[in-house]
Number of protein chains: 2
Amino acid sequence: MELLQILECSPPLAREPLDAEQAAGVARVFKALGDPVRLRILSIVASREGGEVCVCDITGAFELSQPTISHHLKVLKEVGLLTSERRASWVYYRLVPETLGELSAILGAPAAV
Amino acid sequence: MELLQILECSPPLAREPLDAEQAAGVARVFKALGDPVRLRILSIVASREGGEVCVCDITGAFELSQPTISHHLKVLKEVGLLTSERRASWVYYRLVPETLGELSAILGAPAAV
DNA sequence: TCCCCACATCGATGAGCGTCGAAGTCAGCT
DNA sequence: AGCTGACTTCGACGCTCATCGATGTGGGGA
């Protein structure tokens with residue numbers, strides 16, 4: 001059930017065809033990346049010094065309602081690209097670099113061990 | 001196509017936030033990858049010895065109608081992941097490795113300069 | 001020339017998704 | 001306890017998309 005496990009078991013595209021289960025899992029993550037707002041959110045979190053971003057910082061970067069941003073954050077979290085932690089009144093989001101790395105490897109990165 | 005240019009100009013996610021135009025372009029390609037059938041098609045083409053796959057070979061690998069496969073091939077072609085060439089009665093599809101490489105770099109590949 | 005085959009396009013349909021306002025939750029402050 | 005601020009969840013609406021059957025196209029072969 002865990003998505004990251006499926007990513008770890010999926011070979012690079014150029015090595016051998018994906019089976020249906022692998023394709024379904026990998027596609028879920030790519031689908032999450034297939035939205036401009038989510039991509040920008042992810043890049044904001046990923047490029048942040050310290051690695052943490054408060055939701056209010058993200059909301060301020062878009063001309064979208066706060067529930068919409070929250071929805072996108074939820075999608076990114078569900079596929080294992082982000083994690084969240086509540087401290088006091090604020091919720092901080094943080095990148096999961098392993099997931100990003102697995103995706104890169106599936107696309108055919110030169111296997112950075 | 002100008003899509004590949006956008007990919008080339010887009011920094012790795014972890015380096016700096018994407019602007020709206022970059023995010024829109026990159027998202028188009030990821031959205032194309034966000035479907036299990038298209039991912040499997042891409043892996044079939046990418047892992048093929050010789051690099052060429054006839055449409056009939058792809059259609060045979062799925063329990064989907066031929067128009068549906070043709071639709072997915074068109075999507076992959078429009079975002080610059082595949083090219084096609086007609087020879088005699090058959091149409092052969094081929095991977096565009098540059099596009100895949102740019103995506104991998106945006107996800108944070110170890111900067112293959 | 002006529003037919004057949006490989007593939008693309010068209011039009012329709014049902015499911016999914018992005019977006020919003022409204023309402024709910026949760027924590028700190030007075 | 002009550003209030004306020006930061007997010008999340010809910011319900012709804014409009015649009016996009018995956019899929020299909022039917023139809024169009026283009027190239028060989030008989």
Side-chain angles (χ1 to χ4, degrees), chain A residues 3 18 20-21 23-45 48 52-79 81-94, chain B residues 3 18 20-21 23-45 48 52-79 81-94:
Chain A
L3 255 182
L18 298 170
E21 186 185 356
V26 178
R28 280 188 56 195
V29 188
F30 278 132
K31 184 181 289 185
L33 293 176
D35 180 276
V37 175
R38 285 196 291 266
L39 264 182
R40 292 180 66 188
I41 291 176
L42 201 68
S43 69
I44 288 173
V45 177
R48 185 74 150 214
E52 280 188 340
V53 182
C54 172
V55 176
C56 55
D57 292 334
I58 301 174
T59 305
F62 298 89
E63 295 189 353
L64 291 171
S65 72
Q66 190 272 327
T68 298
I69 299 297
S70 189
H71 161 70
H72 286 307
L73 286 169
K74 184 180 182 182
V75 172
L76 290 170
K77 189 177 169 182
E78 282 175 344
V79 300
L81 284 165
L82 294 180
T83 56
S84 68
E85 180 191 357
R86 174 160 212 145
R87 288 204 303 274
S89 287
W90 295 271
V91 177
Y92 296 90
Y93 279 81
R94 184 182 291 269
Chain B
L3 247 184
L18 298 171
E21 184 185 358
V26 177
R28 279 187 57 195
V29 187
F30 278 132
K31 183 182 290 185
L33 292 176
D35 180 277
V37 175
R38 285 198 288 268
L39 264 183
R40 292 180 66 190
I41 291 176
L42 201 68
S43 68
I44 289 173
V45 176
R48 185 74 150 212
E52 280 188 341
V53 182
C54 171
V55 175
C56 55
D57 292 332
I58 301 174
T59 305
F62 298 90
E63 296 188 352
L64 291 171
S65 70
Q66 182 270 326
T68 298
I69 299 297
S70 188
H71 161 71
H72 286 307
L73 287 169
K74 184 180 181 180
V75 172
L76 290 171
K77 190 177 169 182
E78 282 174 345
V79 299
L81 285 166
L82 294 180
T83 56
S84 68
E85 180 191 356
R86 175 162 210 145
R87 287 203 304 274
S89 288
W90 295 271
V91 176
Y92 296 90
Y93 279 81
R94 184 181 292 269

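Below, chain A is the first sequence line, B the second, and so on; all start at residue 1.
To the nearest angstrom, C1' of dT16(D) lies 8 Å from NZ of K31(B). Rounding to whole angstrom units, CD of residue E78(B) and P of dC17(D) are separated by 10 Å. Rounding to whole angstrom units, CG of residue L73(B) and P of dA18(D) are separated by 13 Å. Residue D35(B) contributes atom CG, which lies 6 Å from atom P of dT19(D) at whole-angstrom precision. The nearest whole Å value for the distance from the CZ atom in R87(B) to the P atom in dG28(D) is 12 Å. Rounded to a whole Å, the CH2 atom of W90(B) is 14 Å from the P atom of dG27(D).
Side chain of S43(A) to main chain of R40(A): a donor-acceptor pair is present (N/O by atom type, distance under 3.5 Å, no hydrogens or angles).
When each of E63(A) and A88(A) is assigned the nucleotide of DNA chain C with its nearest heavy atom, E63(A) is the one assigned upstream, toward the 5' end. When the nearest nucleotides of DNA chain D are assigned to H72(B) and Q66(B) by heavy-atom distance, the more 5′-ward of the two goes with H72(B).
Residues V45(B) and L81(B) form no side-chain contact, since every pair of their non-hydrogen atoms from C-beta on lies 4.5 Å or further apart.
Taking all atoms of both residues into account, the shortest heavy-atom contact from A32(A) to V75(A) is CB-CG1, 4.0 Å. Closest non-hydrogen pair, V91(B) versus S84(B), comes out as CG1-CB, 4.0 Å. Across H72(B) and V37(B), no two heavy atoms sit closer than the pair CD2-CG1, 3.6 Å. Of all heavy-atom pairs spanning V53(A) and I44(A), the tightest one is CG2-O, 4.1 Å.
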Worksheet item: What do the steps show when you test D57(A) against R48(A) for side chain to side chain contact (heavy atoms under 4.5 Å, CB included), and what is the final call?
Response: CA-CA 11 Å; D57(A) 292 334; R48(A) 185 74 150 214; 3.2 Å; yes

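Within the nucleic acid shown, H71(B) comes within 4.0 Å of at least one base atom, counting heavy atoms only. Residue contacts for R38(B): at a heavy-atom cut-off of 4.0 Å it reaches the sugar-phosphate backbone alone, with no base atom in range. Within the nucleic acid shown, Y93(B) comes within 4.0 Å of sugar-phosphate atoms alone, with no base atom in reach, counting heavy atoms only. Looking at heavy-atom distances under 4.0 Å, I69(B) makes no contact with the nucleic acid at all.
In summary, contact between chain B and DNA chain C, defined as any nucleotide atom under 4.0 Å from a heavy atom of the protein, begins and ends at dA6(C) to dT9(C) in the 5' to 3' direction.
Residue R86(A) places its side chain closer to dA6(D) than to any other of dT9(D), dA6(D), dA22(D).
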